[in-house]
Amino acid sequence: MKEMDKIKFSRIAKEISNDLKKIPKEWDGREAILEMKNSEYNQWKQMEWIGFYFQFLCEKYLNKIMEIPGPKYGNTEFDGFKGIPWDFKSHAINTSSHQIIVNDSEAIAKAINEFGAVGVILALGEVEYNDDERTFQMWHEELKGGLSKYSEERIRRGAWSRLRKVELNLKQISFIRIDDDVLVKSGSFQRNFRNADGSPRREKVLLNLEKLDEEIVYFVDFNQKRKLKE
DNA sequence: ACATAAGCACATTACGAAAC
DNA sequence: GTTTCGTAATGTGCTTATGT
């Protein structure tokens, strides 16, 4: 029964990856942001452009083979749907932390209950952080039309500003299957985020990349241009 | 017009194990 | 016993969407 689910998952993942293989490998921050802006994609002002750019690419390349967006539970909406609900994510490989933050815990639990599992399509790449002079950040700031209200507040608070990524070199796209077993195993939920105004955030599921193994049912490798796992 | 809560993805700290 | 180190736990920076 469970094996059947994995086979089904793998089949869908393979189908999605056929189209996903065509996306660009070299993501230049400035180009990516301009591309989103010119396409009137609403998220081009976001700091974490790698996340939104991957989502942007998925919508562009996958809109014919899957439903975008996916089902909604409470206030949480999945990015896409094909057989099961899917979420698109990006992650930098060359950092110390390999935890990836997934969706709202309750929404995931409900989705698993309804469809048996949910999937994460994870773009993994090496990123450049060489923005010590903050020229990239300033470029983005200017394009956005100056500091946001939040940023002015942040400066007033004396808090630090996060380092921007300048480019990403896509290495791999993983398809991760999340069911109840994974939830129990990864177990580490995250609660008590602080929101922009200081209010608490809802609990989310946290996955540790290093502990994932059989959950990664299928992946595309951009280095060797072949798949290592079926 | 404003507050609230969601989206994106870390960054920093705290703490126990391991090494000296 | 103390320092060092790896990982789990906890808290942050930023923007958009939605509802009043």
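Proteins come first, then strands; the chains are lettered A, B, ... in the order of their sequence lines, and each starts at number 1. Here the structure is a predicted model, which means the values were calculated and not measured.
With sequence neighbours excluded, no residue forms a ring-ring contact (aromatic ring centres under 6.0 Å, His included) with A:Y61. With sequence neighbours excluded, the residues that form a salt bridge (Lys or Arg N to Asp or Glu O under 4.0 Å) with A:K144 are A:E141.
Considering only side-chain N and O atoms, A:H91 lies nowhere under 4.0 angstrom from the phosphate OP1 or OP2 of B:dA9. The side chain of A:S148 places an N or O atom within less than 4.0 Å of a non-bridging phosphate oxygen (OP1 or OP2) of C:dT15. For the OP1/OP2 pair of B:dG7 and a distance below 4.0 Å, the side-chain nitrogens and oxygens of A:K204 include at least one atom meeting the criterion. Between A:S151 and the phosphate of C:dG13, there is no side-chain N or O to OP1/OP2 separation shorter than 4.0 Å. Note on A:N75: a side-chain N or O is less than 4.0 Å away from OP1 or OP2 of B:dA6. Within the structure, a side-chain polar atom (N or O) of A:S90 is placed less than 4.0 Å from OP1 or OP2 of B:dA9. When the side-chain nitrogen and oxygen atoms of A:R157 are compared with OP1 and OP2 of C:dG13, one or more of them lie within a distance under 4.0 Å.
Here the P atom of nucleotide C:dA8 and the CG atom of A:L207 are 13 Å apart, to the nearest Å. Distance, A:Y150 OH to B:dG7 C1': 14 Å, rounded to whole Å. A straight line from NZ of A:K149 to P of B:dT4 spans 13 Å, rounded to a whole angstrom. Rounded to an integer number of Å, the gap from NZ of A:K144 to C1' of C:dG13 is 11 Å. In this structure, CH2 of A:W86 is placed 19 Å from P of B:dG7, rounded to the nearest angstrom. Rounded to an integer number of Å, the gap from A:I100 CD1 to B:dG7 P is 15 Å. Rounded to whole Å, atom C1' of B:dA6 lies 13 Å from atom CD1 of A:I101. Summarising the geometry, the separation between CD1 on A:I93 and P on B:dC10 is reported as 11 Å, rounded to the nearest angstrom.
Contacts with DNA chain C (heavy atom under 4.0 Å) in residues 50-61 of chain A: none are found. Looking at residues 41-49 of chain A, you'll see A:Q46, A:E48 sit with a heavy atom under 4.0 Å from some atom of DNA chain B.
A salt bridge does not link A:R30 with A:E167: none of the charged nitrogens is closer than 4.0 Å to a carboxylate oxygen. A salt bridge is absent between A:R157 and A:E152: the closest approach of a Lys/Arg side-chain nitrogen to an acidic carboxylate oxygen does not fall below 4.0 angstrom.
Looking at A:Y53 and A:Q43, their side chains never bring a donor and an acceptor atom within 3.5 Å of each other. At a cut-off of 3.5 Å, with distance as the only test, a side-chain donor of A:E114 or A:Y73 sits close to an acceptor on the other residue. Checking A:S174 against A:Q172 by side-chain atom types alone, a donor-acceptor pair falls below 3.5 Å.
Nearest approach of A:K204 to A:V102, heavy atoms of both residues: CD-O, 3.5 Å.
Donor-acceptor pairing under 3.5 Å, judged by distance alone, is present between the side chain of A:R162 and the base of B:dA9.
The closest side-chain heavy-atom distance from A:W86 to A:I16 is below 4.5 Å.
Projected onto DNA chain B by closest heavy-atom contact, A:W160 and A:V102 fall at different nucleotides, the more 5' of which corresponds to A:V102.
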Between the protein and nucleotides 14-17 of chain B, which nitrogen or oxygen pairs come in under 3.5 angstrom?
none

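Using a 4.0 Å heavy-atom cutoff across all strands shown, A:K72 reaches no nucleic acid atom at all.
Sorted by first and then second residue, the pairs that involve residues 41-53 of chain A and meet salt bridge (charged side-chain N to carboxylate O under 4.0 Å, His left out), not counting sequence neighbours, are A:E48-A:R162, A:E48-A:K165.
Checked against a 6.0 Å centroid threshold, the rings of A:F56 and A:W27 do not count as neighbours. Between A:F81 and A:F115, the gap from one ring centroid to the other is short of 6.0 Å.
A:R177 places no side-chain N or O within donor-acceptor distance of the main-chain N or O of A:G119, the cut-off being under 3.5 Å.
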